[in-house]
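Have a look at the structure below before the remarks.
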Amino acid sequence: MRQHRDVVVIGSGIAGLCAAITAKEAGLDVLVLSKADSPAETNTNYAQGGIIARGRDDSPELLAKDVLEAGVQLNKQDAVRLLAEEGPDLVYSFLVDKVGVAFSRDSDGGLDYTEEAAHSSRRILHFEDHTGDAIESALLAYARLVGVDIRPAATAVDLITNNHHSSDSQEIYREREVLGCYVMDNRTGTVDTILANHVVLAAGGLGNIYQYTTNPPEATGDGIAMAYRAGADIINAEYVQFHPTALFHKDIRRFLVSESLRGEGARLLNHSGEFFMGRYSPQAELAPRDVVARAIYAEMAREGQSYMYLDLANHYRGEKPIRERFRRIWSTCMEGGLDIEKDPIPITPAAHYFCGGVKVDQDGRSSVRRLYAVGESSCTGVHGANRLASTSLLEGLVWGVRAARSIAAEREPVPAVRHNAIPDWKFPSSPDAFEPSLIYQDWNLIKLTMWNHAGIVRTRRGLERAHADLNYHAHRIQKFYKEAVLSRDLVELRNGVMAAQLVVAEAMHNERSAGCHYRVD
Ligand code: FAD
Ligand code: SIN
């Protein structure tokens with residue numbers, strides 16, 4: 001099937017939905033794609049701690065200072081200023097007043113603000129300890145209300161460019177432009193040609209290229225890989241952030257223990273019962289995330305253990321009972337037989353957030369015409385070498401809205417003759433059968449390679465090994481992709497290995513340790 005839209009948004013997390021709502025309200029025809037069966041299944045949905053707003057004694061200058069310090073001053077300064085000046089106002093006007101996100105309230109009925117590591121003000125709005133699903137469900141409901149067309153189980157396979165895909169021989173001489181995307185229906189395996197005047201890439205991060213991650217299974221680096229194939233610039237790919245405290249439990253995987261526990265007093269303990277963070281940073285438990293993750297990693301190596309402990313029970317200083325303030329974490333741990341009101345929580349670092357991505361300007365414009373990128377797939381420069389807690393939802397909101405406003409202001413339709421020159425998707429004539437075991441095996445190799453050689457601590461030798469191994473896998477996977485029956489799994493594997501190659505290439509190239517890129521050679 002061929003169809004035409006003003007704007008196609010790939011991804012239904014905070015960044016994609018904020019862009020889609022704004023574009024729709026500006027009178028554009030918008031289609032949102034989600035490769036998951038439910039459009040709510042996003043990283044956004046699992047956000048715990050909260051989103052930055054404005055604390056009582058706060059200012060844009062103070063927020064900018066915190067973001068720059070966490071990012072080791074390698075951030076793009078204009079982008080940080082923009083986030084700090086426009087972000088908090090948008091939280092109140094867009095999320096609270098317009099969309100109606102039900103953030104937690106204090107005992108007087110006012111919005112409740114919490115604290116997180118490396119913030120100099122209590123400025124974070126939250127909904128208990130599962131802020132993400134409150135935001136995601138409110139955005140989805142509002143998007144539907146204003147008539148945004150949302151298509152689940154629809155996997156974008158590749159971006160369509162004039163240079164790569166057009167049958168018009170003159171197009172390779174023109175500036176590169178994105179003219180739409182090929183989209184697979186996960187249920188039927190058919191591929192549609194969706195032509196658009198603008199594509200907004202909001203496909204999230206890449207946590208699943210690592211053995212241990214806090215991310216849900218959808219985060220496989222699709223956005224970054226698709227943009228790279230389309231010729232867009234990718235930057236800062238070496239900066240992969242590891243969250244210090246993922247739950248270490250034999251039956252519960254991918255479960256984050258929010259930074260806000262440390263904001264509310266929780267302390268880190270080693271197996272000898274020592275509160276060790278003071279040895280690593282004067283800010284102790286409230287040091288930036290990269291510092292805390294490396295300290296835990298070092299203690300694990302020193303003691304020969306696979307996890308450390310986070311003690312909330314004995315140090316909590318919040319007003320509400322733990323089981324109310326941290327309802328989701330308390331109940332999930334209880335299901336695993338762990339009572340966080342009494343017991344220390346076993347934790348380990350895990351891949352959490354991609355600070356790099358598709359290089360964009362202040363409006364989310366990439367280096368390829370008509371292609372915008374927002375949210376975790378993009379690199380606005382806000383995070384520099386390391387992300388400050390709770391800035392990522394804010395960045396998705398600010399750049400989602402700005403990208404849509406910029407598209408609405410441009411309103412530059414692609415002439416029909418140029419869209420007509422785009423061919424439909426071509427399947428291989430006799431494709432090989434789908435083999436889940438091969439895909440599973442390839443994913444394991446990628447994840448282990450990344451965890452061991454491109455993880456929290458990196459060396460030249462390790463990165464060289466990863467580079468060679470990933471090149472070998474990528475070659476085989478590309479061949480397999482060309483010959484096999486198309487599926488979501490195969491699309492993700494192809495993108496995952498490419499995203500891993502991008503991370504390793506930049507990590508090899510950058511010999512300076514900063515933030516979450518840490519080399520010991
Ligand atoms: P996502 O929300 O990840 O959405 C990506 C979308 O793209 C999904 O709809 C997915 O299906 C779709 N997609 C991907 N590939 C394709 C494809 N090929 N075709 C079609 N669709 C595709 N940040 C904070 O600021 N505060 C927090 O408290 C916080 N807590 C977090 C807790 C956890 C456990 C995790 C994992 C992250 C947390 N973060 C937090 C980070 C934050 O949640 C994410 O960075 C942010 O939500 C990313 O939003 P996004 O819109 O860019 O992408
Ligand atoms: C958390 O709640 O610890 C996650 C916050 C974030 O990733 O910004």
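Order of listing sets the numbers, starting from 1, for every ligand and every atom in it.
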Pick from [options]: the one approaching [atom] most closely through a non-hydrogen atom:
atom: atom 24 (C) of ligand 1; options: Leu394, Leu393, Ile52, Leu256; answer: Leu393
atom: atom 18 (N) of ligand 1; options: Asp37, Asn215, Asp222, Val257; answer: Asp222
atom: atom 20 (C) of ligand 1; options: Gly205, Gly396, Ala154, Ala350; answer: Ala154
atom: atom 49 (O) of ligand 1; options: Val491, Val157, Val183, Thr44; answer: Thr44
atom: atom 46 (C) of ligand 1; options: Ser392, Gly400, Pro217; answer: Ser392
atom: atom 26 (N) of ligand 1; options: Gly50, Gly132, Ser34; answer: Gly50
atom: atom 33 (C) of ligand 1; options: Phe354, Phe255, Trp399, Tyr46; answer: Tyr46

Protein heavy-atom partner closest to [atom] - residue, atom, separation in Å:
atom: atom 48 (C) of ligand 1; result: Glu376 OE1, 3.8 Å
atom: atom 37 (C) of ligand 1; result: His352 CE1, 3.4 Å
atom: atom 12 (C) of ligand 1; result: Gly11 CA, 3.6 Å
atom: atom 19 (N) of ligand 1; result: Ala156 N, 2.9 Å

Heteroatom distance test ([X], ligand 1): nitrogen or oxygen, under 3.5 angstrom:
X: Gly49; result: yes
X: Glu116; result: no
X: Thr214; result: no
X: Ala47; result: no
X: Lys35; result: yes

Value for CD1 (Ile124) from CD (Glu116), rounded to nearest 0.5 Å, stands at 4.0 Å

Do [X] and [Y] have side-chain N/O donor and acceptor atoms under 3.5 Å apart?
X: Gln241; Y: Asp290; value: no
X: Arg254; Y: Asn208; value: yes
X: Thr220; Y: Lys35; value: yes
X: Thr190; Y: Thr188; value: yes
X: Thr114; Y: Glu264; value: yes
X: Arg402; Y: Gln362; value: no

Sorted by chain and residue number, the side-chain contact (heavy atoms from CB on, under 4.5 Å) partners of His249 (sequence neighbours excluded) come out as Leu247, Asp251, Ile252

Sidechain N-carboxylate O distance under 4.0 Å for [X], [Y]:
X: Asp58; Y: Arg123; result: yes
X: Arg327; Y: Asp129; result: no
X: Arg151; Y: Asp192; result: yes

Close-contact set for ligand 1 against Leu33 heavy atoms, below 4.0 Å:
21 (N)

Within ligand 1, which atoms have a heavy atom of Ile10 less than 4.0 Å away?
19 (N), 20 (C), 21 (N)

Residue portion contacting ligand 1 (non-hydrogen atoms closer than 4.0 Å) for Ala202:
backbone

Arg254 contact mode with ligand 1 (heavy-atom cut-off under 4.0 Å):
neither

Quick check: closest heavy atoms across Val485 and Leu490, and the distance to 0.1 Å?
O-CD2, 3.6 Å

Taking the six-membered ring for Trp, is the centroid-to-centroid distance between Tyr307 and Tyr309 below 6.0 Å?
yes

Would you say the rings of His130 and Tyr46 are close, in the sense that their centroids are separated by under 6.0 Å?
no

Could you go through ligand 2 and note, for every N or O atom, any protein N or O atom closer than 3.5 angstrom, writing the atom names and distance to 0.1 Å, or 'none'?
residue: ligand 2; atom: 2 (O); partner: Gly49; partner atom: N; Å: 2.9
residue: ligand 2; atom: 2 (O); partner: Ser258; partner atom: OG; Å: 2.6
residue: ligand 2; atom: 3 (O); partner: His243; partner atom: NE2; Å: 2.7
residue: ligand 2; atom: 3 (O); partner: Glu259; partner atom: N; Å: 2.5
residue: ligand 2; atom: 7 (O); partner: Arg289; partner atom: NH1; Å: 3.1
residue: ligand 2; atom: 7 (O); partner: Arg289; partner atom: NH2; Å: 3.3
residue: ligand 2; atom: 7 (O); partner: His352; partner atom: NE2; Å: 2.7
residue: ligand 2; atom: 7 (O); partner: Arg387; partner atom: NH2; Å: 2.7
residue: ligand 2; atom: 8 (O); partner: Arg289; partner atom: NH2; Å: 3.4
residue: ligand 2; atom: 8 (O); partner: Arg387; partner atom: NH1; Å: 2.9
residue: ligand 2; atom: 8 (O); partner: Arg387; partner atom: NH2; Å: 3.4
residue: ligand 2; atom: 8 (O); partner: Ser390; partner atom: N; Å: 2.6

Let me have the donor-acceptor pairs involving side chains of residues 231-240, under 3.5 Å, with sequence neighbours excluded, atom names and distances please.
residue: Glu238; atom: OE2; partner: Asn510; partner atom: ND2; Å: 2.8
residue: Tyr239; atom: OH; partner: Asn510; partner atom: ND2; Å: 3.3

If you look only at distance, which donor and acceptor atoms sit under 3.5 Å apart when one is on a side chain in residues 346-353 and the other is two or more places apart or in another chain?
residue: His352; atom: ND1; partner: Thr214; partner atom: OG1; Å: 2.7
residue: Tyr353; atom: OH; partner: His383; partner atom: NE2; Å: 3.0
residue: Tyr353; atom: OH; partner: Glu395; partner atom: OE1; Å: 3.3

